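Encoded as structure tokens, the structure appears first; notes follow it.
These figures come from a predicted structure and were not determined experimentally. Scope of the values below: all heavy atoms of this structure, side chains included, with no hydrogens, waters or symmetry mates.
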Amino acid sequence: MPEAPKKPLTIVSLVAENIKRLKVVRVQPTSALVDVNGRNKQGKTSLLDSIWMALQGWDKATNPKPIREGQQTARIRADLGEIVVVRNFSKTKSGEVTSSLDVLDAEGNRYSKPQTLLDSMVDALSIDPLEFERAKERDQFEIVKKLVPGIDFDAMANADAKDREKRLIVGREITKLLGAIDSIKVPADTPTERVDEEALADELERALESNNQRNIRVERREAAAAKAAAIREQIIKLAAEAAEIEGKLAVAEELPPEIDVEVLRAQQRDIRAKNELVDRALERKRLEKEADQKKEVHEALERSIAEREQAKRDAIAKAKLPVDGLEIGDGVILLNGLPFQQASDAERLRASLSIAMARNPQIRVIRVRDGGRLDSDAREIVETLAAEHGFQIWCERVAEGEPVGVRIEDGEVR
């Protein structure tokens with residue numbers, strides 16, 4: 001099997017027979033800018049369509065009916081120097097269209113997988129630079145990002161969006177934690193550990209029980225003394241008994257001193273106040289630790305976003321985009337730091353042409369459908385860039401009686 005072409009290719013000659021509106025058309029381009037002129041519905045578009053039908057297949061073309069009305073067969077032969085592309089069409093009895101494709105090298109040897117070969121050499125999008133220039137920002141972005149291999153811009157944008165959402169949530173949590181921390185006020189000399197108040201509580205309980213028993217004993221002794229006095233006053237005969245009781249009282253053991261429980265209560269209150277400060281200080285430290293952890297997560301998310309952005313920038317720089325100042329932003333393309341549509345007409349045209357050329361590095365053929373939009377300055381830009389980079393630009397124009405280029409009338413070259 002012959003080897004695949006390695007050099008850039010352009011159309012040396014093009015023959016289209018019975019393609020759409022065409023009868024038989026032969027074109028041999030002699031310049032980088034190939035003007036295709038004529039009135040509407042004469043076959044200009046059919047001629048340019050025949051190029052892409054030959055290279056990409058008629059099923060990918062905009063018109064599903066490649067054969068001219070009233071004819072049964074059609075043919076396209078595109079000579080690109082090192083290879084010749086021949087695509088034939090025919091109608092079956094049921095009216096369905098079938099096609100065959102041959103790709104031959106310069107010696108006439110056939111390639112075994114002709115469409116696979118062509119697909120590897122021509123961009124499936126076949127960018128029209130003027131259509132690219134007028135396309136929506138997202139569509140332009142989708143085309144240009146394919147010039148940067150190895151980077152999934154959509155996946156990176158989704159990851160950035162998720163990280164930004166997480167970063168926003170973590171930032172709010174940090175703000176909430178910092179507010180909670182600021183609301184906890186503790187003196188600088190607050191202890192770091194809680195004081196055990198259980199021992200003091202036990203001592204207080206014992207003191208209360210002791211005082212309670214003492215009061216009971218006091219009440220009993222006071223009752224006994226009262227009883228003795230009553231007996232002495234009322235019953236003289238009980239004097240001996242009273243004396244005996246008094247004697248017992250006289251030798252009774254000394255009562256313990258009354259404990260001042262208010263001192264213990266004051267100590268208890270002081271301990272509780274200190275422990276409350278310790279609890280607040282510990283809570284402040286806990287919140288500070290949590291805030292530090294959230295800050296680390298926040299910083300990690302920012303690093304992830306920054307690393308993806310740097311990876312994207314590195315890939316873009318490595319890809320060597322075809323236009324100085326061309327950048328790939330978030331879903332848009334920029335030119336010299338500004339949105340693409342804000343650049344001047346000339347800048348946009350040069351950039352669009354350069355992008356189209358970058359997407360078609362081997363078969364260097366570009367189509368311009370609405371060539372009437374190009375004024376003399378724009379045409380000069382197109383022709384100069386095409387010549388500089390070895391491209392061939394087929395430009396479709398609606399014109400009356402224009403002497404230049406290829407003029408199509410009633411499906412034929414005039």
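- By the 4.0 Å N-to-carboxylate-O rule, Arg284 lies close enough to Glu288 to be salt-bridged with it.
- Within 6.0 Å of CD in Glu205 there are 12 or fewer heavy atoms belonging to other residues, nucleotides or ligands.
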What do the steps show when you test Phe89 against Asn18 for side chain to side chain contact (heavy atoms under 4.5 Å, CB included), and what is the final call?
CA-CA 9 Å; Phe89 303 90; Asn18 295 329; over 6 Å; no
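- Between the side chain of Arg280 and the main chain of Lys185, a donor-acceptor pair closer than 3.5 Å is present.
- Lys295 has no carboxylate O lying under 4.0 Å from a charged side-chain N of Glu299, or vice versa, which leaves the two without a salt bridge.
- At distances below 3.5 Å, at least one donor-acceptor pair connects side-chain atoms of Asn215 with backbone N or O atoms of Asn211.
- Rounded to the nearest 0.5 angstrom, Arg194 CZ and Leu277 CG are separated by 11.0 Å.
- When all heavy atoms of Glu327 and Gly337 are compared, the pair lying nearest together is OE2-N, 3.7 Å.
- Here the side chain of Arg21 pairs no donor or acceptor atom with the backbone of Gly43 at under 3.5 angstrom.
- The side-chain hydrogen bond (donor to acceptor under 3.5 Å, both in side chains) analysis of residues 255-265, with sequence neighbours excluded, yields the pairs Glu262-Arg265.
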Pair Ile328, Ile151 - check side chain to side chain contact (heavy atoms under 4.5 Å, CB included), show working.
CA-CA 12 Å; Ile328 301 178; Ile151 292 292; over 6 Å; no
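- The residues Arg217 and Glu253 are annotated as salt-bridged, a charged nitrogen and a carboxylate oxygen being separated by less than 4.0 angstrom.
- One finds no salt bridge joining Asp292 and Lys289 here, because no Lys/Arg side-chain nitrogen approaches an Asp/Glu carboxylate oxygen to under 4.0 Å.
- Checked for salt-bridge contact, Lys176 and Glu173 miss the test: no charged N lies under 4.0 Å from a carboxylate O.
- Annotation for Gln28: atom CD does not count as buried by contact number, only 12 or fewer foreign heavy atoms lying within 6.0 Å.
- Shown here for Arg214 and Pro256, the closest heavy-atom pair between the two residues is NE-O, 3.2 Å.
- Proximity of Val148 to Phe153: side-chain heavy atoms (C-beta onward) are separated by under 4.5 Å at one or more points.
- Using a 4.0 Å cut-off between charged side-chain N and carboxylate O, Asp314 and Lys318 make no salt bridge.
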Under 3.5 Å, which donor-acceptor pairs link side chains of residues 160-171 to any protein atom two or more places apart or in another chain?
residue : atom : partner : partner atom : Å
Asp160  : OD1  : Arg308  : NE           : 2.7
Asp160  : OD1  : Arg308  : NH2          : 3.0
Asp163  : OD2  : Arg308  : NH2          : 2.6

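- Side-chain atoms of Arg87 do not come within 3.5 Å of backbone N or O of Ser99 as any donor-acceptor pair.
- The 12-atom threshold is exceeded at CG of Asp375, counting heavy atoms of other residues, nucleotides or ligands nearer than 6.0 Å.
- Summarising the geometry of Arg367 relative to Pro129, their closest heavy-atom pair is O-CD, 3.7 Å, with the distance given to 0.1 Å.
- When the shell of 6.0 Å around CD of Glu380 is examined, it contains 12 or fewer heavy atoms from other residues, nucleotides or ligands.
- Nearest heavy-atom pair, Val278 versus Pro191, reported as atom, atom and distance to 0.1 Å: CG2-O, 3.3 Å.
- With a 4.5 Å cut-off on side-chain heavy atoms, Lys227 and Ile245 do not count as touching.
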Dump the intermediate steps for ring-ring contact (aromatic ring centres under 6.0 Å, His included) on Phe340 and Phe132, then the final yes or no.
CA-CA 11 Å; Phe340 186 80; Phe132 173 85; 5.7 Å; yes
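- Counting all heavy atoms, side chain and backbone alike, Ile19 lies closest to Arg75 at CG1-O, 3.9 Å.
- Rounding to the nearest 0.5 Å places CG of Leu80 at 14.0 Å from NZ of Lys7.
- Looking only at distances, a side-chain donor or acceptor of Arg364 sits under 3.5 Å from a matching main-chain atom of His389.
- The two residues Thr10 and Gly390 make their nearest non-hydrogen contact at CG2-O, 3.6 Å.
- Distance alone, capped at 3.5 Å, places no donor-acceptor pair between the Gln342 side chain and the Pro339 backbone.
- Phe391 is listed as a side-chain neighbour of Asn360, based on a closest heavy-atom distance under 4.5 Å.
- The distance from atom CD of Glu193 to atom CG of Leu282, rounded to the nearest 0.5 Å, is 9.0 Å.
- Side-chain contact check for Thr98 and Ser90: at least one donor-acceptor pair (N or O, by modelled atom type) lies under 3.5 Å.
- Around atom CD of Gln310, more than 12 heavy atoms belonging to other residues, nucleotides or ligands sit under 6.0 Å away.
- We find the CG-CD1 distance between Asp139 and Ile333 to be 10.5 Å, quoted to the nearest 0.5 Å.
- Taking 4.5 Å as the limit, some side-chain heavy atom of Ile76 sits within range of a side-chain heavy atom of Leu14.
- Rounding to the nearest 0.5 angstrom, the gap separating the NZ atom in Lys113 from the CG atom in Leu117 is 11.5 Å.
- A side-chain donor from one of Gln115 and Asp119 sits under 3.5 Å from a side-chain acceptor of the other.
- Remark: side-chain polar atoms of Thr384 are not paired, donor with acceptor, to backbone N or O of Ile381 under 3.5 angstrom.
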Quick one: do Asp154 and Arg138 satisfy salt bridge (Lys or Arg N to Asp or Glu O under 4.0 Å)? Show the steps, please.
CA-CA 12 Å; Asp154 291 334; Arg138 185 68 195 183; 2.8 Å; yes
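- Few gaps surround CD on Glu388; more than 12 heavy atoms of other groups in view lie less than 6.0 Å from it.
- Not a single donor-acceptor pair under 3.5 Å links the side chain of Asp79 to the backbone N or O of Val84.
- At a threshold of 4.5 Å between non-hydrogen side-chain atoms, the residues Val297 and Gln293 do not count as touching.
- For the pair Leu349/Leu353, a side-chain contact is recorded, criterion being any heavy-atom separation below 4.5 Å from C-beta on.
- Judged purely by atom type and a 3.5 angstrom limit, Gln362 uses its side chain to pair as donor or acceptor with the backbone of Pro5.
- Val413 has its side chain out of reach of Arg26: every pair of non-hydrogen atoms, C-beta onward, lies at least 4.5 Å apart.
- For the atom pair CG (Leu55) and CE (Met121), the distance works out to 9.0 Å, reported to the nearest 0.5 Å.
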For Met357 and Leu385, what are the C-alpha separation, side-chain angles and deciding distance, and is it a side chain to side chain contact (heavy atoms under 4.5 Å, CB included)?
CA-CA 10 Å; Met357 291 174 180; Leu385 279 176; 4.0 Å; yes
Determine, step by step, whether Arg206 and Glu209 satisfy the side chain to side chain contact (heavy atoms under 4.5 Å, CB included) criterion, reporting the C-alpha distance in whole Å, the side-chain angles of both residues, the deciding distance to 0.1 Å, and the verdict.
CA-CA 5 Å; Arg206 289 194 299 271; Glu209 179 61 24; 5.7 Å; no
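- Exactly one of Arg379, Lys44, Arg407 qualifies for a side chain to side chain donor-acceptor pair (under 3.5 Å) with Asp35. That residue is Arg379.
- In this structure, Asp128 and Asp370 have side chains that are not in contact, with every pair of non-hydrogen atoms separated by 4.5 Å or more.
- Side-chain contact check for Trp394 and Gln392: at least one donor-acceptor pair (N or O, by modelled atom type) lies under 3.5 Å.
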